[in-house]
Amino acid sequence: MTYAHQLRDYFKPYADKSKALVMKQYLRGNFEFFGIQTPLRRELTRGFLKSHGLPPISDLHQIVVELWEAPERELQLTAMDICEKLAKKANEDHILTLEYMLTHKQWWDTVDLTAANLAGKYFRLYAEKIDLFIPKWQRSDDFWLNRSAILFQLKYKEETNTELLAETILPHMASKEFFIQKAIGWALREYSKTNPEWVRKFIQNNRLASLSIREGSKYL
């Protein structure tokens, strides 16, 4: 039995159909659930890792794919937790795993954490990969990849590359997609905590959607 199958079997006894229905409705019916809420899921993950250990980094991609193919959304969220615990050991090829996570079973709950937490940490380790992947994500027809390009610097604070931030936002200023408008506002709002003057000028000098302006101006 694979690591991913062992993890799924570990979760099964804690399934709760009534909670699963509520959780499915919260994500607009897009995914199935065990019905394991976040505090319990994290407690179970700790227990599983205590008895099974973290997988070797060489096995991580296959484990992530198997967990992503499982029907229950909790297993994709747990895959991200495992990736985060192994983030400092990530090799250069780990970006292919992250890209898989960003392009399969897409919704904000996995895309945002993968982009801001996991991809953000990866590109700190392998900054030379930014020029290879971020322009590709930014130009993609997949708006979730566009969103990821905008959000990967979300936690960079004073290390934010403002030229790159602008480059990921400007081509999408006229987007009607809610998740893009929201991402632009979110990225600007977070960076305004570090450099409010840059954000203020950026909003003044560009024709952003009203949602992006409202979100981005929250702390100004």
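Looking at heavy atoms from C-beta onward, Phe11 lies in side-chain contact with Leu75 at the 4.5 angstrom threshold. With a 4.5 Å cut-off on side-chain heavy atoms, Leu86 and Pro55 count as touching. Side chains of Trp107 and Trp144 form a contact here, defined as non-hydrogen atoms less than 4.5 Å apart. Under the 4.5 Å side-chain criterion, counting only non-hydrogen atoms from C-beta, Lys136 is not in contact with Leu132. Looking at Phe48 and Thr78, their side chains never come closer than 4.5 Å, going by heavy atoms from C-beta outward.
A distance of 5.5 Å separates OG of Ser175 from CD1 of Ile180, quoted to the nearest 0.5 Å.
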Report all side-chain donor-acceptor pairs from residues 61-74 shorter than 3.5 Å, counting only partners two or more places apart or in another chain.
{"unit_1": "His61", "atom_1": "ND1", "unit_2": "Thr97", "atom_2": "OG1", "d": "2.8"}
{"unit_1": "Gln62", "atom_1": "NE2", "unit_2": "Glu66", "atom_2": "OE2", "d": "3.1"}
{"unit_1": "Glu66", "atom_1": "OE1", "unit_2": "Thr2", "atom_2": "OG1", "d": "2.8"}
{"unit_1": "Trp68", "atom_1": "NE1", "unit_2": "His104", "atom_2": "O", "d": "2.8"}
{"unit_1": "Glu72", "atom_1": "OE1", "unit_2": "Arg8", "atom_2": "NE", "d": "2.8"}
{"unit_1": "Glu72", "atom_1": "OE1", "unit_2": "Arg8", "atom_2": "NH2", "d": "3.4"}
{"unit_1": "Glu72", "atom_1": "OE2", "unit_2": "Arg8", "atom_2": "NH2", "d": "2.7"}
{"unit_1": "Arg73", "atom_1": "NE", "unit_2": "Asp109", "atom_2": "OD2", "d": "2.9"}
{"unit_1": "Arg73", "atom_1": "NH1", "unit_2": "Gln76", "atom_2": "OE1", "d": "3.3"}
{"unit_1": "Arg73", "atom_1": "NH1", "unit_2": "Lys105", "atom_2": "O", "d": "3.1"}
{"unit_1": "Arg73", "atom_1": "NH2", "unit_2": "Lys105", "atom_2": "O", "d": "3.1"}
{"unit_1": "Arg73", "atom_1": "NH2", "unit_2": "Asp109", "atom_2": "OD1", "d": "2.7"}
{"unit_1": "Arg73", "atom_1": "NH2", "unit_2": "Thr110", "atom_2": "OG1", "d": "3.0"}
{"unit_1": "Glu74", "atom_1": "OE1", "unit_2": "Phe34", "atom_2": "N", "d": "2.9"}
{"unit_1": "Glu74", "atom_1": "OE2", "unit_2": "Phe34", "atom_2": "N", "d": "3.0"}
{"unit_1": "Glu74", "atom_1": "OE2", "unit_2": "Gly35", "atom_2": "N", "d": "2.8"}
{"unit_1": "Glu74", "atom_1": "OE2", "unit_2": "Ile36", "atom_2": "N", "d": "2.9"}

Run the side-chain donor-acceptor check on residues 201-211: report pairs under 3.5 Å with partners two or more places apart or on a different chain.
{"unit_1": "Asn205", "atom_1": "ND2", "unit_2": "Lys201", "atom_2": "O", "d": "3.2"}
{"unit_1": "Asn206", "atom_1": "ND2", "unit_2": "Phe202", "atom_2": "O", "d": "2.8"}

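Not one N or O on the side chain of Glu215 forms a donor-acceptor pair closer than 3.5 Å with the backbone of Ile184. With Ser192 contributing its side chain and Tyr219 its backbone, the two residues share no donor-acceptor pair below 3.5 Å. A donor-acceptor pair is defined here as one N or O able to donate and one able to accept, closer than 3.5 Å; such a pair exists between the side chain of His172 and the backbone of Gln138. Remark: side-chain polar atoms of His5 are not paired, donor with acceptor, to backbone N or O of Met1 under 3.5 angstrom. Under a 3.5 Å cut-off, the side chain of Ser217 and the backbone N or O of Arg214 do not form any donor-acceptor pair. Side chain of Asp9 to main chain of Gln6: no donor-acceptor pair is present (N/O by atom type, distance under 3.5 Å, no hydrogens or angles). The closest donor-acceptor contact from the side chain of Thr114 to the backbone of Val111 lies at 3.5 Å or more, if one exists at all.
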CA sep, side-chain torsions, deciding dist, call: Trp198, Tyr191, ring-ring contact (aromatic ring centres under 6.0 Å, His included): CA-CA 9 Å; Trp198 186 92; Tyr191 189 52; 5.6 Å; yes

Evaluation steps, side-chain contact (heavy atoms from CB on, under 4.5 Å), between Met173 and Ser212: CA-CA 9 Å; Met173 285 192 308; Ser212 301; over 6 Å; no

Chi angles and distances behind the side-chain hydrogen bond (donor to acceptor under 3.5 Å, both in side chains) call for Lys155, Asn117: CA-CA 8 Å; Lys155 299 184 178 182; Asn117 288 9; 2.7 Å; yes

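Under the 4.5 Å side-chain contact rule for hydrophobic residues, Tyr100 and Ile134 share a cluster. Phe31 and Leu21 fall into different hydrophobic clusters, where Ile, Leu, Val, Met, Phe, Trp and Tyr are joined by side-chain heavy atoms under 4.5 Å apart, directly or via other members. By the criterion of side-chain heavy atoms lying less than 4.5 angstrom apart, applied directly or through intervening Ile, Leu, Val, Met, Phe, Trp or Tyr residues, Leu165 is grouped together with Leu220 in one hydrophobic cluster. Two different hydrophobic clusters hold Val22 and Tyr14 under the rule that ILVMFWY side chains link at heavy-atom gaps under 4.5 Å.
You'll find the ring centres of Phe179 and Trp108 outside the 6.0 Å limit. Annotation: Phe133 is not in aromatic contact with Tyr126 [ring centroid separation under 6.0 Å not met].
For the pair Arg124 and Tyr156, the cation sits on the ring face: its NZ or CZ lies under 6.0 Å from the ring centre, inside 45° of the axis.
Checking each of Asp131, Ile130, Ile169 against Leu164 for a side chain to side chain contact (heavy atoms under 4.5 Å, CB included) leaves exactly one that passes, namely Ile130.
Ring geometry for Phe152 versus Phe123: interplanar angle over 60°, hence perpendicular rather than tilted (30 to 60°).
Residues Glu197 and Arg200 are paired through a salt bridge, judged by an N-O separation under 4.0 Å between the basic side chain and the carboxylate. Between Arg139 and Glu167, no side-chain nitrogen of the basic residue sits less than 4.0 Å from a carboxylate oxygen of the acidic one, so the salt-bridge criterion is not met. For Lys193 and Glu190, the salt-bridge test passes: some basic side-chain N is under 4.0 Å from an acidic carboxylate O. Between Arg147 and Glu177 there is no salt bridge, since no side-chain N of the basic residue sits under 4.0 Å from a carboxylate O of the acidic one.
Nearest heavy-atom pair, Ala115 versus Leu151, reported as atom, atom and distance to 0.1 Å: CB-CB, 4.4 Å. Taking all atoms of both residues into account, the shortest heavy-atom contact from Gly216 to Val199 is O-CG1, 3.9 Å. Of all the heavy atoms in Glu99 and Thr103, the pair that sits closest is O-OG1, 2.8 Å. Nearest approach of Ile57 to Ala90, heavy atoms of both residues: CD1-CA, 4.2 Å. Annotation for Ser148 and Leu102: closest pair OG-CD2, 3.3 Å, computed over non-hydrogen atoms.
Looking only at atom types and distance, the side chain of Asp142 has a donor-acceptor partner in the side chain of Gln106 under 3.5 Å away.
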